[in-house]
Amino acid sequence: MEKLPLSFYQRKNILLIAKELLGKILVTRWEGLETSGRIVELEAYRGVSDRASHAYGGRQTARNEIMYAAGGVAYIYLCYGLHHLVNVVTHEAGTPHAILIRGIAPLEGMQIMQQRAKRKKTDPAITRGPGKLALAMGLHTGLNGWSLQSNDFFIADDGFQYPKEWQASSPRIGVDYAGDDALLPYRFYIRGNAFVSGKPK
DNA sequence: GAGTAGATCCTCT
DNA sequence: GAGGATCTACTCA
């Protein structure tokens with residue numbers, strides 16, 4: 001299992017990177033507790049020309065500043081006041097591209113995730129959906145800007161690949177406010193996987 | 001099972 | 001001062 005190199009994130013084609021991230025493994029190791037999961041759903045946010053992106057029109061604020069950094073770091077922010085959402089920054093420095101991780105299939109540390117989620121009802125799908133996923137993996141806004149080359153939070157490749165016919169794309173979720181850009185097929189997911197958010201198809 | 005209200009707070013206008 | 005890259009739980013059927 002190998003950590004993805006900076007060169008992987010710093011390529012310019014975010015849609016290609018997003019597709020290639022499907023099937024990769026997201027790993028965190030906080031305080032000796034390792035949790036990991038295979039990425040099965042994500043969305044691309046293509047910087048200044050994408051109305052759904054925080055950086056649309058070249059906006060640069062204290063919150064999204066990290067999107068302008070060189071690829072290979074995490075962009076984590078708070079949404080709706082209570083959910084932490086995890087993004088991977090891509091492209092070279094100065095171009096605010098990011099990929100939102102929306103769903104993973106747990107591999108290691110399932111019990112730790114359950115504990116972190118503190119669910120009333122037992123729910124196996126605690127890593128389905130961006131908010132829950134961040135909670136289960138122990139990710140929060142304090143980790144904004146974290147390098148994915150570190151040893152406690154990174155994405156790895158174990159050689160596994162989902163068959164091409166399982167990979168699908170669709171419009172993104174929850175971005176209706178973005179007008180025509182809400183229709184762009186920038187969401188990539190694994191067809192039929194239980195850890196993909198939204199209605200099963 | 002489907003539809004919806006409420007939570008909750010940071011960020012930008 | 002408004003609204004958001006969400007989720008849960010409650011209602012009604």
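Everything numeric in this text was worked out from a predicted model, so none of it was measured. Numbered from 1 within each chain, the chains take letters A, B, ... in sequence-line order.
Here Phe160(A) and Tyr162(A) bring their ring centres to under 6.0 angstrom of each other.
By the 6.0 Å and 45° rule, Arg11(A) does not stack over the aromatic ring of Tyr9(A). Cation-pi geometry between Arg29(A) and Phe153(A) is not met at under 6.0 angstrom from the ring centre and within 45 degrees of the axis.
Among the nucleotides dT11(B), dT8(B), dA5(C), the one closest to any side-chain atom of Arg63(A) is dT11(B). Nearest nucleotide to the side chain of Pro130(A), out of dC7(C), dA5(C), dA7(B): dC7(C). Among the nucleotides dA5(C), dT8(B), dC9(B), the one closest to any side-chain atom of Leu78(A) is dC9(B). Comparing dT13(B), dG4(C), dA7(B) by their nearest atom to the side chain of Leu82(A) picks out dA7(B).
Under 4.0 Å is where a charged nitrogen must lie from a carboxylate oxygen, and between Arg172(A) and Glu43(A) no such pair does.
Within 4.0 Å of Arg172(A), counting heavy atoms only, lies no atom of the nucleic acid at all.
Atom CZ of Arg187(A) is separated from atom P of dA5(C) by 16 Å (rounded to the nearest Å). Leu184(A) has its CG atom 14 Å from the C1' atom of dA5(C), to the nearest Å. Here the P atom of nucleotide dG4(C) and the CG atom of Leu100(A) are 16 Å apart, to the nearest Å. Atom CG of Leu135(A) and atom P of dA7(B) are 20 Å apart (whole Å). Between the NZ atom of Lys118(A) and the C1' atom of dT8(C) there is a distance of 17 Å, rounded to whole Å. Look at NZ on Lys132(A): it is 19 Å from P on dA5(C), rounded to the nearest Å. What separates OH of Tyr186(A) from C1' of dA5(C) is a distance of 15 Å, to the nearest Å. Taking atom CG on Asn144(A) and atom C1' on dC10(B), their separation rounds to 13 Å, with Å as the unit.
Ring-to-base geometry places Tyr45(A) in a stacked arrangement with dA5(C) (centre distance under 5.5 Å, plane angle under 30°).
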Test salt bridge (charged side-chain N to carboxylate O under 4.0 Å, His left out) on Lys3(A) and Asp157(A) and set out the steps. CA-CA 6 Å; Lys3(A) 215 176 285 184; Asp157(A) 182 3; over 6 Å; no

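The partner of dT8(B) cannot be assigned: no Watson-Crick or G-U wobble pair with both contacts below 3.5 Å exists in any strand. If you check dA5(C) for Watson-Crick or wobble pairing at under 3.5 angstrom, you find it has no partner at all.
Note that OG of Ser197(A) and CD of Glu41(A) are 3.5 Å apart. Values are rounded to the nearest 0.5 Å. Note that CG of Asp181(A) is 6.5 Å distant from CZ of Arg51(A), once rounded to the nearest 0.5 Å.
Looking at residues 83-92 of chain A, you'll see His83(A), Leu85(A), Asn87(A) sit with a heavy atom under 4.0 Å from some atom of DNA chain C.
Taking atom C1' in both dT8(B) and dG1(C), one finds a spacing of 16 Å when rounded to whole Å.
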